[in-house]
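For clarity, every value in this text was computed on a predicted model and none was experimentally measured.
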Amino acid sequence: MKDDRFDRLANELLRLIEIPSPSGNEGPILEYLENRLRFLKVPTKIQPILGKTGNLVLNPGSKTLLDLHVDTVPGLMEGVRCSARLEGDLVYGRGAADVKGSIASLIIALEDYVDEVGNNHDFPASIVFTVDEEQGGSGAYEAVKLCPEEVVVFEPTELDICTMEAGAIGARLNFFGQTAHGSDFEAGQNAISKAVGFLSKLKKLPFLEGEHPYIGEAGFNVQSLSGGSPNELIIPSRCEMYIDVRLLPDVDHKEAERQLRYLFDREGIEYEMDDISPPFNLGEDVPIADKLMGVASNDLGLNLQFGAFKSWSDAEPYVTAGIPAVVFGPGKLSVAHTPFEHVSLKEMDLASQILTAFLTNLLTFSEHELDYLEAR
């Protein structure tokens, strides 16, 4: 990668990271993006969302939509701050992978696109910068109303083109025991022990026995566990656990929910399900995926791979609405949300080149389609 591209990508990403945008505080970064992208000379609008900062939409009305969420998780997670810095090929900072690296890659791609083809043509895609992806996903659910025919949703996939996505069920569980003096533990029932013992029963549910070639095993993450006190010699009578259950792409989320509710009820657990996100599997015959792979191969000599995204993304509301959406972008999901979140500038550069070629090819296709319609 030439030094000037390295500098452009790094500087753009560091500027984006310097604008904090945790969910609920997306206004400043949306204002920056609206001003930063004025060189495109396309119409813009704010898509209102009740109780939230609205989505920023550029060039609404196109068949193809590029979806990038601007919100991040907080900069401080588990008491450790994610500091912004450049180390060799890696840019660190909150949102570097998820997904400000993608936003920076797109900005540089758009600059290169305008340098290459100018502003004398209709821009061939719509762009939506969504809010609330890290919380309720209201931005994506509203963006569905833009009615595109195909969508690229940006997430850290290491440039794999993901036509499949895991779903999730989040549940808050309360376990109850019987308190007693901590030294006479036989006289009580330890709620924490009950919670830990419950996990082996959870693993045996039928929908959690599978495995997927791109995602791996079905399973769950114990996201939090609380109860008792190190300063009180007593048997804990209450324990709260939060679990995030992964649904593999071909799992019926309603059946998974039914199995979970049956288990919770059978074990006498007080519970609340606060997040049910269906998975999806579009297979590998998806036109928007073919377009991305085609330009990467034909224009840049890159052999992109199919994949599956392990987490919920803005893609799910589109797919649920019957709109094909793929997930794509630089960065590793495994480092997102961590104190060491980072993205590779080399990957960003490849993503940027792919996007410039993708938009240029979309423009050519759109003009040929228009000529055909006029000829008829």
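- One distance of note links OG of Ser313 with CD of Glu133; it measures 7.0 Å at 0.5 Å rounding.
- Counting non-hydrogen atoms of other residues, nucleotides and ligands closer than 6.0 Å to CZ of Phe176 gives a total above 12.
- If you check the side chains of Asp314 and Thr130, you find a donor sitting under 3.5 Å from an acceptor.
- Taken to the nearest 0.5 Å, the CD1 atom of Ile288 stands 9.0 Å off from the CD1 atom of Ile161.
- The minimum heavy-atom distance linking Thr64 with Pro124 is given by the pair CB-O, 4.4 Å.
- Val335 and Leu345 are members of different hydrophobic clusters when ILVMFWY side chains are connected at heavy-atom separations under 4.5 Å.
- A side-chain N or O of Glu316 and one of Tyr141 form a donor-acceptor pair less than 3.5 Å apart.
- A 6.0 Å sphere centred on CD of Glu255 holds more than 12 heavy atoms belonging to other residues, nucleotides or ligands.
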Please assess Asp98 against Glu341 for the test side-chain contact (heavy atoms from CB on, under 4.5 Å), listing each intermediate value before the final yes or no.
CA-CA 8 Å; Asp98 188 17; Glu341 181 173 354; 3.6 Å; yes

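- The minimum heavy-atom distance linking Gly95 with Thr72 is given by the pair CA-CG2, 3.9 Å.
- When the shell of 6.0 Å around CD of Glu284 is examined, it contains more than 12 heavy atoms from other residues, nucleotides or ligands.
- With 3.5 Å as the limit, one finds a donor-acceptor pair spanning the side chains of Ser21 and Lys100.
- Electrostatic pairing of Glu257 and Lys254 does not count as a salt bridge here, judged by no charged N lying under 4.0 Å from a carboxylate O.
- Residues Leu159 and Phe328 have side chains in contact (heavy-atom distance under 4.5 Å, counting atoms from C-beta outward).
- Counting only heavy atoms from C-beta outward, the side chains of Leu90 and Ser344 approach each other to under 4.5 Å.
- Aromatic pair Phe306/Tyr214: ring centres not closer than 6.0 Å.
- Ionic pairing of Arg36 and Glu34 is not present here: no N-O contact between side-chain nitrogen and carboxylate oxygen is shorter than 4.0 angstrom.
- Aromatic ring centres of Phe175 and Phe198 lie closer together than 6.0 Å.
- Under the 4.5 Å side-chain criterion, counting only non-hydrogen atoms from C-beta, His253 is in contact with Ile276.
- Between the side chains of Glu26 and His69, not a single donor N or O lies within less than 3.5 Å of an accepting N or O.
- His181 approaches Ile235 most closely through the heavy-atom pair O-CG1, 3.8 Å.
- Applying the 6.0 Å contact sphere to CD of Glu87 captures more than 12 heavy atoms from other residues, nucleotides or ligands.
- Ion pairing between Asp132 and Lys52 holds under the 4.0 Å rule for side-chain N and carboxylate O.
- A continuous path of ILVMFWY side-chain contacts below 4.5 Å connects Ile107 to Ile354, so both sit in one hydrophobic cluster.
- Under the 4.5 Å side-chain criterion, counting only non-hydrogen atoms from C-beta, Pro330 is in contact with Ser102.
- Residues Tyr113 and Leu362 are not in side-chain contact: their nearest non-hydrogen atoms beyond the backbone lie 4.5 Å or more apart.
- At a threshold of 4.5 Å between non-hydrogen side-chain atoms, the residues Leu363 and Val117 count as touching.
- In summary, Arg8 and Glu12 do not engage in a salt bridge, as defined by a charged side-chain N under 4.0 Å from a carboxylate O.
- A side-chain donor from one of Asp275 and Ser277 sits under 3.5 Å from a side-chain acceptor of the other.
- If you take OH on Tyr318 and CD on Glu149, they are separated by 14.0 Å, rounding to the nearest 0.5 Å.
- Glu142 has a carboxylate O that lies under 4.0 Å from a charged side-chain N of Lys145, or vice versa, which qualifies the two as a salt bridge.
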When you look at Asn174 and Ile269, which way does the side-chain contact (heavy atoms from CB on, under 4.5 Å) test go after all the steps?
CA-CA 6 Å; Asn174 288 303; Ile269 299 167; 5.8 Å; no

The test is side-chain contact (heavy atoms from CB on, under 4.5 Å); show your working for Leu66 and Leu106 and say whether it passes.
CA-CA 10 Å; Leu66 308 181; Leu106 177 62; 4.0 Å; yes

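- Summarising the local packing, CG of Asp285 is surrounded by 12 or fewer heavy atoms from other residues, nucleotides or ligands at distances under 6.0 Å.
- Contact check on Lys291 versus Glu150 returns a salt bridge, with a Lys/Arg side-chain nitrogen under 4.0 Å from an Asp/Glu carboxylate oxygen.
- Pro317 pairs in a side-chain contact (heavy atoms from CB on, under 4.5 Å) with only one of the listed residues (Asp67, Val144, Val151), which is Val144.
- Clustering ILVMFWY residues whenever any of their side-chain heavy atoms sit less than 4.5 angstrom apart, transitively, puts Trp312 in a cluster other than the one holding Leu333.
- Pro249 places a side-chain heavy atom less than 4.5 Å from the side chain of His212.
- Atom CZ of Phe39 is surrounded by more than 12 heavy atoms from other residues, nucleotides or ligands within 6.0 Å.
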side-chain contact (heavy atoms from CB on, under 4.5 Å) evaluation trace for Met273 with Ile169:
CA-CA 7 Å; Met273 292 185 180; Ile169 296 179; 4.1 Å; yes

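- No option in His342, Lys346, Glu347 other than Lys346 meets the side-chain contact (heavy atoms from CB on, under 4.5 Å) test with Asp89.
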Show, in sequence, the C-alpha distance, side-chain angles and deciding distance for Thr356 and Glu116, and conclude whether the side chain to side chain donor-acceptor pair (under 3.5 Å) test is met.
CA-CA 9 Å; Thr356 299; Glu116 188 173 325; over 6 Å; no

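- In summary, the side chains of Gln178 and Ser237 do not present any donor paired with an acceptor at a separation below 3.5 Å, with no hydrogens or angles considered.
- The hydrophobic clustering, which links ILVMFWY residues whose side-chain heavy atoms are closer than 4.5 Å, places Val153 and Leu65 together.
- Side-chain contact check for Asn281 and Asp250: at least one donor-acceptor pair (N or O, by modelled atom type) lies under 3.5 Å.
- A side-chain donor from one of Asp299 and Asn361 sits under 3.5 Å from a side-chain acceptor of the other.
- For the pair Asn59 and Ile127, the minimum side-chain heavy-atom distance is 4.5 Å or more.
- Cluster annotation: Tyr242 and Leu173 are assigned to distinct hydrophobic clusters (Ile/Leu/Val/Met/Phe/Trp/Tyr, side-chain heavy-atom contacts under 4.5 Å, transitive).
- Counting heavy atoms of neighbouring residues, nucleotides and ligands inside a 6.0 Å radius, atom CG of Leu50 does not exceed 12 of them.
- Below 30°, between 30° and 60°, or above 60°: for Phe264 and Tyr271 the angle between ring planes is between 30° and 60°, a tilted geometry.
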